[in-house]
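One structure is given here, and the rest of the page talks about it.
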Amino acid sequence: MDLEKHPAAPAPAPAAGLRASDADRDRIAQILGDAVAEGRLTAEEHSERLDTLYAVKTVGELEALVRDLPAPGGAHAPSSAASSYAGAPGQPAETLVAVCSSSSRKGRWRPGAHTRAVSVMGDITIDLTQAVFEQQVTEINVTCVLGNVEVLVPENVTLRGYGSGILGNFEVRGMSRGETDPQAPVVIVRGFSLLGNIEARPKPGARLVDLARKLRKNLDG
């Protein structure tokens with residue numbers, strides 16, 4: 001019997017053809033967020049890669065988006081301010097549920113990287129106009145059946161939408177307004193509506209100013 005101890009083999013890297021998980025997408029979104037905060041990517045490049053991030057299916061396709069960028073913690077690690085703004089993957093998702101009722105999240109609050117909203121013959125309002133964003137990318141996943149879900153964001157936040165409706169409506173308006181500011185948080189709304197309505201839009205007159213100013217001050221200092 002061979003009693004000699006052998007060092008444990010390192011865990012294999014995910015195969016390129018493996019289907020991407022939410023954690024995989026969070027990791028790539030963090031690298032992209034760090035890159036735009038450092039000036040390695042322009043706002044337009046960041047927007048294009050972010051669109052691709054939520055469209056591709058495999059780990060290999062995700063890795064291709066950051067092949068020319070440094071990994072977090074590497075030789076070219078981003079500043080602490082940029083890293084904290086990118087957010088930590090794996091945060092628990094906040095869930096809003098309205099079944100024949102109403103639910104809302106508004107005022108001065110701190111949305112996590114992921115929020116889920118489920119409306120069944122109910123109304124949900126997610127108002128981000130006074131929210132404090134602690135990560136570059138905030139994703140809201142919506143399921144709406146015979147209900148109504150409304151998402152409001154500041155005018156200078158980058159808004160993205162991916163969804164569909166069956167005998168219902170999925171609409172994201174003002175998707176390009178925040179792209180001129182590379183430090184602007186990105187809000188992604190993903191949803192499915194069945195005989196219901198999902199709408200995401202900027203709220204006129206509402207602008208996010210304090211977080212962007214603080215981030216620029218930390219990076220410049």
Side-chain angles (χ1 to χ4, degrees), residues 7-93 111-115 133-141 153 156-164 172 175-191 200 208 211-212 214-216 218-221:
L18 193 67
R19 298 279 291 195
S21 67
D22 288 342
D24 293 326
R25 296 184 197 278
D26 287 345
R27 177 174 57 84
I28 300 302
Q30 179 183 350
I31 296 174
L32 294 177
D34 290 343
V36 73
E38 291 184 298
R40 298 180 189 275
L41 293 177
T42 66
E44 183 178 355
E45 289 170 331
H46 178 256
S47 176
E48 290 174 354
R49 296 195 190 196
L50 202 62
D51 282 343
T52 305
L53 169 68
Y54 288 93
V56 300
K57 303 296 184 183
T58 67
V59 172
E61 290 172 311
L62 289 180
E63 295 294 344
L65 296 175
V66 295
R67 197 163 289 156
D68 58 344
L69 299 174
H76 300 283
S79 67
S80 58
S83 297
S84 64
Y85 183 52
Q91 285 182 306
H114 296 278
T115 297
F133 293 88
E134 296 184 326
Q135 61 278 327
Q136 175 75 17
V137 180
T138 299
E139 183 172 338
I140 300 173
N141 288 275
V153 302
N156 56 338
V157 162
T158 300
L159 183 60
R160 287 280 180 271
Y162 307 92
S164 61
V172 177
M175 288 201 293
S176 62
R177 294 192 181 185
E179 292 179 2
T180 55
D181 185 353
Q183 312 299 347
V186 179
V187 176
I188 297 171
V189 180
R190 302 168 67 88
L208 185 70
L211 184 64
K214 182 186 296 186
L215 178 63
R216 288 195 191 94
N218 290 338
L219 292 176
D220 293 341

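The CG atom of Leu32 sits 9.5 Å away from atom OG1 of Thr52, with the distance rounded to the nearest 0.5 Å. If you take OG1 on Thr158 and CD on Gln136, they are separated by 8.0 Å, rounding to the nearest 0.5 Å. From Glu139, atom CD reaches atom OG1 of Thr115 across 9.5 Å, with rounding to the nearest 0.5 Å.
Arg67 approaches Gly60 most closely through the heavy-atom pair NH2-O, 4.2 Å. For the residue pair Val172 and Gly161, the shortest heavy atom distance occurs at CG2-CA, 3.6 Å.
Tested against Arg49, the residues Val66, Leu69, Ile28 include a single side chain to side chain contact (heavy atoms under 4.5 Å, CB included) partner, Leu69.
Ionic pairing of Arg27 and Glu63 is present here: one or more N-O contacts between side-chain nitrogen and carboxylate oxygen are shorter than 4.0 angstrom.
Remark: Thr138 engages Gln135 in a side-chain hydrogen bond (donor to acceptor under 3.5 Å, both in side chains) (not counting sequence neighbours).
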